[in-house]
Novice: 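Dropping the structure in here first, questions after.
The analysis underlying the following values was restricted to heavy atoms, covering all of them including side chains, and did not include hydrogens, waters or symmetry mates. Naming: A, B, ... by sequence-line order, numbering from 1 per chain.
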Amino acid sequence: MTAKPKFAMYWAASCGGCEIAVLNTHEKILDVDANFDVVFWPVAMDAKYKDVEAMEDGSILLTLFNGSIRNDENERLAKLLRQKSKLLVAFGSCACEGCIPGLANLSPVGDIVHTAFNTITTDNPHGIYPRTSFDVPEGELHIPTLAKVVRPLEQVVDVDYFMPGCPPESHQIAAVIDLVIKVVKGEAELPPKGATIGVGDSTVCDECPRARNVKLIKEFTRIQDIAPVDPTLCILEQGVPCNGPATRSGCNARCPQAGAQCIGCYGPAEGVMDYGARLITAFASVVDATTPEEIDRILDGIPDPTGQVYRFNLAGSLLKANREAWIKG
Amino acid sequence: MKQYAYYPGCSLESMATSYNLSTLEVAQTLGVELKEIKDWNCCGATAYFPVDELLAHTLVARNLALAEKDGLSDFVAPCSACYKNAYFTNAYLKKDPDLAEHINYALEADNLHINGTMTVRHLIEVFIEDVGLDEIGKKVTHPLKGLRVAPYYGCQLLRPRKENQNVENPQFFENLLSALGAEAVDYPSKTRCCGGSLIVTNRKAALDMVHILLQDAVNRKADVIATTCPMCNVNLEVYQNQVNREFGTQYSIPVMYFTQLMGVALGIKPAKLGIGKEVVSGEPALAFAY
Amino acid sequence: MDIEMSFSEEIANVMYASHGNPITDCLQCGTCSGTCPAAEFMDHTPRTIIGLINAGYKDEVLASNTFWSCASCYHCTVRCPAGIDIADMMYALKRYSMWKGEHQEGLIGPVFAQSFVKMIVDSGRSYEPLLAPTYIFKNGPRGLVQEMQTATGLMLKGRLPLLPKKIKGLKKFRNMVRRIIPIGEPT
Amino acid sequence: MTDNNFEPTIIGFTCNWCSYRAADLAGTARMKYAPNVRLIRMMCSGRLDPTFVLRALSGGADGVMITGCHPGECHYIEQNYKALRRFHLLRRVLAGLGIEPERVKLVWASAAEGAKFAAETTAFVEEIRKLGPLGWGKGEEKDEGGRIKDEDSSFITHPSSFGEEVSA
Amino acid sequence: MTEKIGVYVCHCGTNIAGTVDVKGVAEWAAEHLKHRGVVIGREYKFMCSSLGQELVENDIKELGLTRVIVAACSPHLHEKTFRTACKNAGLNPYLCEMVSIREQVSWVHTDKVAATEKSKAVISGGVERVLHNEALEPIRVPIHADTLVVGGGIAGIQAALEIADAGYHVCLVEREPSIGGHMAQFDKTFPTLDCAACILTPKMVEIGSHPNITLLTWSEVEKVDGFVGNFTATIRKKASYVNTDSCTGCGICWEKCPKKVVDDVFEAGLGVRKAIYRPFAQAVPKYPVMDVENCTYFKNGKCKACQLFCPTEPNSINFEQKDEILEVQAGNIILATGYDLFDTTRIPQYGYGKLPNVFTSIEFERMCNAAGPTEGKVVLRDMKTTPKSVVVVHCVGSRDENYNKYCSSICCMQSLKFAHLVMERTGAEVYNCYIDIRTPAKDYEEFYKRVLEEGGHFIRGKVAEITDAARLPEEEGKLIVQVEDTLIGKQRRIPVDMVILSAGIEPRQDAKEVGKLFGIACGASGWYTEKHPKLDPVATMTEGIYIAGCVQGPKDIPASVAQGAAAAARVLGKIQQGVIALEPIKASINETQCSGCRICNGLCPFNAISFIEDDKVSSINPALCQGCGTCVAACPAGAISGTGFSDAQIIAQIDGLLLRNLEEARV
Ligand SMILES: Cc1cc2nc3c(=O)[nH]c(=O)nc-3n(C[C@H](O)[C@H](O)[C@H](O)COP(=O)(O)OP(=O)(O)OC[C@H]3O[C@@H](n4cnc5c(N)ncnc54)[C@H](O)[C@@H]3O)c2cc1C
Ligand SMILES: Cc1cc2nc3c(=O)[nH]c(=O)nc-3n(C[C@H](O)[C@H](O)[C@H](O)COP(=O)(O)OP(=O)(O)OC[C@H]3O[C@@H](n4cnc5c(N)ncnc54)[C@H](O)[C@@H]3O)c2cc1C
Ligand code: SF4
Ligand code: SF4
Ligand code: SF4
Ligand code: SF4
Ligand code: SF4
Ligand code: SF4
Ligand code: SF4
Ligand code: SF4
């Protein structure tokens, strides 16, 4: 019997939901164990960075990298795992496009540190801030230092595949694992490099069962402010900005099915360069007005347009960050 | 019950006391609560604008600001000239932040500030729009049956154009008169100017203008001319003598405030409406109401 | 750029800015003059005045009694097919001529306007008997007699108050006015 | 910050039927305007995808000028209204990203308004000059792998404004 | 495959070379854009000359160029020239792009360095864009030989006859019971004063009997599907309750009908008709229609006099008739739905509707018509008194910010005609109050002169008001017209017996909705927008839809006829071609990627986008798409792409303009 191919998974700047989603594949997780040799997965087993460093380049077949690049440790590991892996998958929204951690790009990193260590919610009477290096008798200690902006994996290293979702749906993860196992067995071929996997071809509306018509919106509002909500009619048509039309399908329209608007975690559709731009144009297209005043009145119904269109994508967008964060960092 | 910021204007304290009296009486009968603005100032009628436009707007704005300070939002003027001034200053303030800034700077010296929350209307509009003709009709106890009234709108009530108003052939005054049971005369000069602002500065022109108004009313066999403005009223009434002298005519047609006619129809005692203070007595025309 | 301002631009500038004041759009159609109830008493009709302004005849315009004869009835304004606020323009001309101190001899208008404003600035209210002396003699002796008769009649009917009124917060009121026009320092 | 030597780079989107022709007309009439604007011809202002604006801004442009036919005069009937709606929402999003919304300007110019086109262009260049450089182009230089270079991801160590540790 | 791009920079004499270092630019392109595929950078004195074009052609053949950039004047001038040159050399013309360095660089800038640098950027943008251009072929669609004409006024009549005479079939749809339009209401027509009926009736009769014309009166178009070459119109033929197969138009039914109705349409309210009626004697077709709103039988179930007296066998009155829905195929459509008269009650100071002897222009036309309600006599509202003095008011509702800003262009001449007719028929004094007299066509000024010679009075001044309030004894019982006579600077009051308001003309009240049916737009004043106001006044932005007559703007009969004929000529040209080549600048939807969100569905003004319910995807009809690109920019799923204006092309051009292509090699 030949040696099992090696598998790794790493958690950079993210919430950990992606790891849970992998475990949520239930018995599928046994297939991973059966088919792979898990060499590095800090959340599940003990391993040292130096063990990885010692591995031969390209010796890991598959690495699922979740989380975005927030600090130098994230970046170091990204580069290390790239070097050691044949297939590096940006796993989950954070790795693909920055996700919620990416919203930190709305503020300069100095402000973020300041908020964390010196506002009324923090008990820090002497105004003490952490240092990134500190001399102790044993030598110099380092803690990771923050980069000026959060970056998705692709902005740091070459990525083979992208698997969006916050987190990716377990059935999609299972499908991808199945596929890789088949490839290993020579029963299937890998998709072309750079592909987005574990997703549908279209956008969330494609999987959304709600009925839709030509849309003419005179008033944008929040879902809690409409009563009663029509459970069968497109949410956007009811005046609630739903990100479904611009968001990659694959989740089975979870949110709209559950009665809430899509907030966009699966990211842009194939070939789309900037997710926010697509939503701007989608929402603006259904605004039913021709005068600047009336247009403004209707748009006032979207109180935080930037957050609305970039909740999951800011770091991966064309502009990547707020100007202040970008220039000053 | 809604309160209105009542701006009587200078004339209602002097030449037009009967307008003030009848206004307050009628308002009370109709349940319209008029709250006089405290320590209001003269709005300048038409005489400010030739001197300084900004000052003119500021003086008007002071009254609006006082009303705002009282927590009121409906500004009511019985004088058409005051109404026109207040209406436009208010409108300009709302659409021109520059002007608002200038004016607020001046108002500050009087501890006042204006936010532009006011709606400005003429008294007759308030009666018609807020009380309603049906309601007024229901309260009429002494219909003015057979009384031929020339409804004189004058100019400042209508012009310059306020929103989409019909400025050439409005009908609301006629409708009010009908509700009172009177017969509204088709009065050709109802929106023609009476020359009020010229009576001091160009007497000859003003008398000519008054003459035409009287002539049209008499030709149309009106028993009385009804007005919505103290200036028009004084011009048409007090100067009849001078017109007669100038043009060799014999006009003697009573001129009454629309509120006086309303009062009579609502059964209010003539004396309470200031009837009797006219130079050309209205009593013969209103005889049936006594 | 030091291009001299044309007379029509000068006048447009003294008109309330938000109207746009397109006085150069005048078609010379005569609707304003055909409408004007005071036209007969003007030496130039309103249309002619606009024509003179646009042609730059400043002296003729300032010497004219037209704008002092305007009754501010706005009838011309609402009818003008070019959207010109002619009545407002008449006010602008009054202001302009008082500002330049140039107007026809013997007119009551300028004197009246000034004394009226003075009175209001002094008291906050207007009062007819106080105004009378400033202009009453301009109408000649016959006018004076007529005026006295009219006034007496009103007095008898209780329609002329004997004393002028003043507003209460006069000092602050005057401070407010001071922020707009010079009326002398507070004493 | 006003840099006197700062020459803004501006991308202009013009519609084939009106504003591009207005630009042509400005040329035929030899009107002069600032050379900082580089034009792209589209069939209609309705073609304007916000992506284009973001791409221009993130790629080194300091401002973007969008031009189309006057409301009611669109060659395709009403598509410029759609451009107007997008423009309004886009500006809101840009403001949220800390970018002065004035960096994106919408101008209606008919094919006859060469003078307007020239004047608006020059005025816009001056407005952008006042705002200063946007500063996005540089940050995106890529290394061979199409990634941001290391030196750009300047790591934070000790911002001078941070408090020093106080020994207990 | 590696692309080979040729860059050609034109001197345009000194037009470009005077401000731009042309040689430097060409060399720069060859060197610095080499890695982008530029294999040659040339400069030439006059690129558009035949030698310049040969340069391009030879390079294509000899160097095997696969893309071409010409940096010269505006593409609006010479894009076609260079694309044709490419085509001649065997290169798909859409692989050639022009960039403007004349109109947009050398002519508008003075700083040579800046102009040269900008030229480089512009060329770089062009190079990046052309790399993404696709080889395209024009779309060819066949043309259905039938034509639909909507509106049977003089413009529509003319258009229908021209096409029918050329041997092609026409379907003419008219809303009223008869064709003829406004012209049928007139008595005389300016400037020659021919009798309207004498010149119009023969044409109407020809329409009625032409073998190539299907006439559908009392009908309206409800829906239009399809596109140029292949429209399908859904037409509602309203029930007339008269069986036209048997009806002979004898007139007994309307003679016997007991119900009189004021005729507000044809007689402008001056005359009456019956509940079953034919609007006028020369009507085409000759059959009456029943007005169910007013018919006694439809109202209370009794009467049927018409049926009782109808002499035909079988009886021609059919109370059971229903509206018919017809479908008509057509390759082209001409809209000639005309105008409405300005509603003079909107100007209360002119007293129309209140002062009886104030008349509108159309009322006066009917009064002058020998077949009209007064049999051609000019009389006051009492229908008997002859006026002794008349004022004709010009520009009523026209040239006025408060109403219509435009000049209605016909009312000056029509007012002169009225002055003439009044004088001819009554000998009354006539005053024309005008702002300007506009007589800009052949023999029009001569007509003005004639009216002056006949003794017409002319007062230059827009009428301020009309009143019946007399001030002087001579004004008693008269209408007083108050106006400034601007030539003498005096306000005048002219007492007269009668006033005629020369009302302006307005777009049809439903013009906007009707326009929408056909996918065409109204301009600011409400008239339909032509493709080009001077050079293509009868075509519209929608291929295959033409406009003629007053729908396009105010005009008189000669101009309406000219446009009717012009529209017909355009249509005949199309029919002769048999097929039409459409620019391949089109949008299309990738069905797999489309989620059916329907965001794009409301965006296309040409109704090119439809939703396929079964597949839950949207789809674009390429023949209807005009290529504006709005939907491409709108699709949130990125499912719509455009040929000739793709995202890739524009993004690449942006990058190129910003010179982002210089640092790295990405070919
Ligand atoms: C008072 C007056 C006098 C004039 N005198 C003269 C003159 O002497 N000489 C001169 O040259 N010009 C004159 N004109 C101008 C002349 O009337 C127009 O130039 C001419 O009639 C325009 O013809 P048309 O076919 O464009 O429109 P119209 O005559 O208005 O015809 C349009 C037709 O379309 C029909 N229609 C409308 N909507 C629909 C629809 N949705 N579906 C189907 N059918 C529809 C209408 O019923 C009508 O039959 C005069 C105009 C006026 C107002
Ligand atoms: C100063 C001026 C400014 C104008 N501006 C405008 C404007 O801004 N907008 C507008 O709409 N209109 C304008 N016009 C009107 C416009 O010029 C005409 O409407 C238009 O040019 C008419 O075109 P045409 O083809 O009928 O005649 P023309 O332009 O005169 O063309 C006739 C052609 O026939 C040739 N020719 C003559 N006799 C013979 C022959 N026997 N054999 C062979 N060839 C012959 C001539 O050489 C000429 O090339 C303007 C006119 C003038 C005078
Ligand atoms: S609810 Fe949201 S996801 Fe569903 S159809 Fe509407 S926009 Fe699309
Ligand atoms: S009405 Fe208007 S356009 Fe006509 S003359 Fe007077 S100002 Fe000029
Ligand atoms: S506002 Fe003056 S100019 Fe105009 S009509 Fe009235 S009086 Fe005449
Ligand atoms: S459709 Fe309008 S905005 Fe678009 S190109 Fe045409 S004219 Fe310009
Ligand atoms: S049935 Fe109707 S149409 Fe026939 S005659 Fe009677 S009223 Fe006239
Ligand atoms: S044609 Fe004559 S009457 Fe008609 S709007 Fe034009 S100028 Fe006035
Ligand atoms: S906008 Fe795009 S995804 Fe939505 S229906 Fe249209 S083509 Fe399909
Ligand atoms: S590109 Fe324009 S014309 Fe074509 S389908 Fe889209 S919106 Fe319609």
Novice: Using a cut-off of under 4.5 Å for heavy-atom pairs, which of D:I11, D:D49, D:D24 has the most such pairs with chain E?
Specialist: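 The answer is D:D24.
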Novice: Roughly how far apart are E:C628 SG and D:N80 CG, rounded to 0.5 Å?
Specialist: 10.5 Å
Novice: Within this structure, what is the CH2-NE2 distance for the pair D:W17 and E:H532, rounded to the nearest 0.5 Å?
Specialist: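 Spacing of CH2 (D:W17) from NE2 (E:H532) equals 10.0 Å.
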Novice: Can you tell me if E:K516 has over 12 outside heavy atoms packed within less than 6.0 Å of its NZ?
Specialist: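 Count not over threshold, so no.
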Novice: Determine whether D:R86 and E:T630 satisfy the following criterion, side chain to side chain contact (heavy atoms under 4.5 Å, CB included), listing intermediate values before the conclusion.
Specialist: CA-CA 11 Å; D:R86 284 180 202 142; E:T630 304; 3.6 Å; yes
Novice: Of the backbone (N, CA, C, O) and the side chain (C-beta and beyond), which part of E:C522 lies under 4.5 Å from a heavy atom of chain D, both, or neither?
Specialist: backbone
Novice: When you measure from the side chain of D:K82 to the backbone of E:L603, do you find a donor-acceptor pair of N or O atoms at a distance under 3.5 Å?
Specialist: yes
Novice: To the nearest 0.5 Å, tell me how far D:I77 CD1 sits from E:T542 OG1.
Specialist: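 Atom-to-atom, D:I77:CD1 and E:T542:OG1 are 5.0 Å apart.
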Novice: Identify the heavy atoms of E:D655 and D:R55 that sit nearest to each other, and give their distance.
Specialist: OD2-NH2, 2.6 Å
Novice: To the nearest 0.5 Å, what is the distance between CE (D:M31) and CH2 (E:W107)?
Specialist: 13.0 Å
Novice: Do you know which of E:Q653, E:R129, E:Q104, E:R102 has the most heavy-atom pairs under 4.5 Å to chain D?
Specialist: E:Q104
Novice: Out of D:P35, D:A34, D:A61, return the one with the most heavy atom pairs under 4.5 angstrom to chain E.
Specialist: D:P35
Novice: Go through D:Y33 and E:H109 one step at a time and tell me if the side chain to side chain contact (heavy atoms under 4.5 Å, CB included) criterion holds.
Specialist: CA-CA 6 Å; D:Y33 58 86; E:H109 305 321; 3.9 Å; yes
Novice: If you take all heavy atoms of D:Q79 and E:P605, which pair is closest and at what distance?
Specialist: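 Residues D:Q79 and E:P605, closest heavy atoms: NE2-CD, 3.2 Å.
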Novice: Which region of E:I520, side chain (C-beta onward) or backbone (N, CA, C, O), has a non-hydrogen atom less than 4.5 Å from a non-hydrogen atom of chain D, or is it both or neither?
Specialist: backbone
Novice: Just verifying a value: how many Å separate E:L657 CG and D:L39 CG, rounded to the nearest 0.5 Å?
Specialist: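 So the gap between those two atoms works out to 8.5 Å.
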Novice: Before accepting this row, confirm whether a basic side-chain N of the pair E:D647/D:R47 lies closer than 4.0 Å to the acidic partner's carboxylate O.
Specialist: yes
Novice: Answer with side chain, backbone, both or neither: which region of D:Y81 has an atom nearer than 4.5 Å to a non-hydrogen atom of chain E?
Specialist: neither
Novice: Return yes when atom NZ of E:K405 has more than 12 non-hydrogen atoms of other residues, nucleotides or ligands closer than 6.0 Å, and no otherwise.
Specialist: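 Not buried by this count: 12 neighbours or fewer within 6.0 Å.
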Novice: Heavy-atom count around E:K80 NZ within 6.0 Å, excluding the residue itself: above 12?
Specialist: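 No - once you tally the heavy atoms of other residues, nucleotides and ligands closer than 6.0 Å, there are 12 at most.
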Novice: Could you pull out the closest heavy-atom pair between D:Y20 and E:S100, with the gap in Å?
Specialist: OH-CB, 3.7 Å
Novice: Counting only heavy atoms closer than 4.5 Å, note whether D:A29 contacts chain E via side chain, backbone, both or neither.
Specialist: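 When you check distances to chain E, no heavy atom of D:A29 falls under 4.5 Å.
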Novice: Output the distance between atom OG (E:S106) and atom CZ (D:R30), rounded to the nearest 0.5 Å.
Specialist: 8.0 Å
